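Structure first, then comments.
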Amino acid sequence: MAQVTDRPPAPRPVRIHDTLRGGVVPLVPRVSPRVGMFVCGLTPYKPSHLGHGRTFVFFDVAARFLRQQGYRVFYLQNVTDLDDKTLAQAREERTSYFDVSERNFSEYVRDMERLGVRSVNLYARCTDYVPEILAQIQELVTKGLAYPGPTGDVYYEVGRFPAFGALSRQRMEEVRPGARVEVDPHKRAPEDFVIWKGGNPDEPAWPSPYGPGRPGWHIEDTAITVSVLGARYEIHGGGAELKFPHHEAEIALAEGATGLTPLAQIWMHAGLLNMRGEKMSKSLGNVVGLGETLREQPADRVRFFLLSGLYRSPLEFAGEESFAEAGRGLERLRVPYDRLRVLRADAENAGADHRRALGTSSQEASGRAVEAIRGALAEDFNVRQAVAEMFAWGREVNGLLQGGESFTAGDLDLLLEPFRFADESLGFLELSEQVAPSFAPPPEISALVDLALKARESARRRGDFGEADRIREELSSAGFRLEDTPQGPRWKRKEGR
RNA sequence: GCCGAGGUGGCAGAAUGGUUAAUGCGACGGACUGCAGAUCCGUUUCCUGGGGGUUCGAUUCCCUCCCUCGGCUCCA
């Protein structure tokens, strides 16, 4: 007899590309099904751009999918709310660093909400973790891995950590120190990096054994992750440009301080968004603002576009044309999905019949589609493959609906399942629903549209196509799109915001 | 210079040691329509950077060259 337990089913296997090991590896949580996931967040000294959107939309999909597969994910993102650039920006604006980073950060959070990013459990601000940062610095100094310099700075001594460079597969003798940034003469070695920045009287500072100062860049992440996720956790993600030196530094700091290894089981790196072949970045000045984009483009298109390539590869952004193309592709999925949903709502109103009248071949096809989507996402989050499966399922559904037969609520649920399953992770159909609901507007408006439709139908019956087209045109400019189908005329709201 | 990721059709972008190399966009044709749209069916025959090698078979594995992007202590 089957044992009844409260235990949830074991999470489904998922494989992920790990930069450190250089291949796709199975995710094996230390304490299954718990997964600690940290993603390097942004430095909100300026408004965020579309490239940020790509990275964070992707990691949202990753977290959602892992949860869907039965993992209990704690998704942590840091916020570098204080650094040199933030201070420079604050000086320029004649305001405080706090003002600058809070403003840009809250705008970022709003943009993420618009993009349907809803999987982050905690945004951790660097300045909220100064005691943890100082404790870690203390630990490193005590262990002889870090040393204070004459100006109140504290440095990490890279030479003491032999594995430095393993992640990016670089030999430290080969890197060119100072290739782009001046070398601080107080360091013992040029590759050493600052973990505590000695106080400049004009800058915000916290007291420390080394004098007043503020956290350096790399250490904030390790202090935050170690205190929130522990000394070892499952996934560490970020943009590809962070591999060296930032992620190398994090490994050196955390493993140096805790003595435990590996810091992260899997290192994930998201490919950059390119614009005319060049990466989009604040320092190159070729940025397309995220907030600005979301004011001009429906969010579902933006999300769909940002997911249109594999996360590890660079993605080409060609401006408005990219969104237009994404919109057309998305529409192809929305047509079958919306039709099913409308039919499902009608079935509910008519008293849901949950029996399945559909042939077994359709039932099996639905199950196969779900498994194909799961399989694609379970193999290093192959979003593109999953979307291809959605297109295939859409064609299947369109064909079925064209047949004109009627479906029970149970049938419709079955036909909806692949879309629902995919979108639980991918999340663009759910956004479409907000951008342009597939269901009728308030009844008084529906009644008016239906009235106009009747007038058009009688004009068509009279053969007065001029009048019929005029009505169609007017409805169109009022935001309703008309379609004649074998089952009679239909209308839906046009995409808007 | 060193390290990493890449180079696939008109465009975006997957996959694979093996029958016709996904999928979407675009284009073209057919069905449906008064027209349009949506949808369905079909077409888009010589598309895997160059050159070697391994193999019965390479786009996939190896070598080499060329090119692009990223990194070499600011960066999603």
Side-chain angles (χ1 to χ4, degrees), chain A residues 19 22 39-43 45 48-59 77 80 83-85 88 158 165 167-184 187 190-194 216-218 237-246 248-249 269-274 277-284 305 308-310 312-318 321-322 324-333 335-336 339 376 382-385 387-392 394-395 398-399 401-402 460 463-465 468-469 472 476 481-486 490 492:
Chain A
T19 304
V39 174
C40 286
L42 79 168
T43 303
Y45 74 103
S48 45
H49 57 71
L50 199 55
H52 297 119
R54 183 188 188 196
T55 297
F56 299 121
V57 163
F58 166 70
F59 282 110
Q77 213 179 92
T80 307
D83 79 333
D84 292 351
K85 287 169 309 210
V158 170
L167 183 70
S168 57
R169 292 176 170 67
Q170 300 201 88
R171 296 201 319 248
M172 289 313 292
E173 313 84 76
E174 299 285 2
V175 311
R176 281 184 179 176
R180 278 159 60 177
V181 175
E182 269 182 61
V183 175
D184 175 345
K187 292 175 178 180
E191 64 269 25
D192 293 351
F193 54 86
V194 178
W217 178 33
H218 313 298
E241 85 278 25
L242 296 178
K243 250 182 257 181
F244 187 95
H246 182 54
E248 298 281 8
H269 290 99
L272 303 182
L273 185 70
N274 286 340
E278 241 180 4
K279 79 158 172 171
M280 181 177 293
S281 93
K282 287 180 272 199
S283 39
L284 286 176
F305 164 70
S308 62
L310 278 190
R312 286 195 281 133
S313 311
L315 180 66
E316 227 20 76
F317 175 62
E321 180 48 38
S322 296
E325 189 181 323
R328 289 187 294 262
L330 192 53
E331 183 64 16
R332 229 182 137 65
L333 294 174
V335 166
R339 284 185 184 167
N382 193 330
V383 167
R384 194 62 217 192
Q385 186 69 43
V387 173
E389 299 295 345
M390 290 173 84
F391 281 120
R395 198 165 31 249
N398 282 328
L401 295 184
Q402 219 166 24
R460 289 179 75 198
D464 186 354
F465 297 117
D469 290 349
R472 182 168 65 194
S476 169
R481 193 164 77 193
L482 243 174
E483 287 174 12
D484 294 322
T485 74
R490 263 201 301 244
K492 63 199 269 186

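These values consider heavy atoms only, across backbone and side chains, with no hydrogens, waters or symmetry-generated copies. Naming convention: chains lettered A, B, ... in sequence-line order (proteins, then strands); numbering from 1 in each chain. Quick caveat: nothing in here was measured; it's all calculated off a predicted structure.
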If I pick the [atom1] atom on [M] and the same atom on [N], what distance separates them, to the nearest angstrom?
N: rA5(B); M: rC41(B); atom1: P; value: 40 Å
N: rA14(B); M: rG9(B); atom1: P; value: 13 Å
N: rG49(B); M: rU8(B); atom1: P; value: 7 Å
N: rG53(B); M: rA58(B); atom1: C1'; value: 11 Å
N: rU64(B); M: rG10(B); atom1: C1'; value: 32 Å
N: rU43(B); M: rU20(B); atom1: C1'; value: 14 Å
N: rU33(B); M: rA15(B); atom1: C1'; value: 39 Å
N: rA38(B); M: rA31(B); atom1: C1'; value: 14 Å

Q.
Under a 3.5 Å distance rule, please check whether E248(A) uses its side chain to pair with a backbone N or O of G165(A) as donor and acceptor.
A.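 Between the backbone of G165(A) and the side chain of E248(A) there is a qualifying donor-acceptor contact (under 3.5 Å).
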
Does [X] have a side-chain nitrogen or oxygen under 4.0 Å from the phosphate oxygens OP1 or OP2 of [N]?
X: R481(A); N: rA36(B); result: no
X: S48(A); N: rA76(B); result: no
X: R384(A); N: rA22(B); result: no
X: R332(A); N: rU39(B); result: yes
X: N274(A); N: rC69(B); result: no
X: N382(A); N: rA15(B); result: yes
X: S476(A); N: rG37(B); result: no

Q.
Between R54(A) and E316(A), does any side-chain N to carboxylate O distance fall below 4.0 Å?
A.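 Salt bridge absent between R54(A) and E316(A).
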
Side chain of [X], base of [N]: donor and acceptor closer than 3.5 Å?
X: D484(A); N: rG37(B); answer: no
X: E316(A); N: rG13(B); answer: no
X: R472(A); N: rC35(B); answer: yes
X: Q170(A); N: rG4(B); answer: no
X: E191(A); N: rU73(B); answer: no

Q | Nucleotide of rU23(B), rU73(B), rC25(B) approaching R328(A) most closely (side-chain heavy atoms) | A |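 Closest nucleotide to the R328(A) side chain: rC25(B).
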
Watson-Crick or G-U wobble mate for [N], both contacts under 3.5 Å:
N: rG26(B); value: rU44(B)
N: rG1(B); value: rC72(B)
N: rG18(B); value: rC56(B)
N: rU39(B); value: rA31(B)
N: rG6(B); value: rC67(B)

Q. Do V158(A) and F193(A) touch side chain to side chain, with heavy atoms closer than 4.5 Å?
A.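 Contact flag for V158(A)/F193(A) side chains = yes.
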
Q: To the nearest 0.5 Å, tell me how far R169(A) CZ sits from T19(A) OG1.
A: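 So the CZ of R169(A) and the OG1 of T19(A) are separated by 8.0 Å.
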
Q. Stacking check: are the rings of F244(A) and rG71(B) less than 5.5 Å apart at their centres and under 30 degrees in tilt?
A.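 Ring-base stacking flag not set for F244(A) and rG71(B).
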
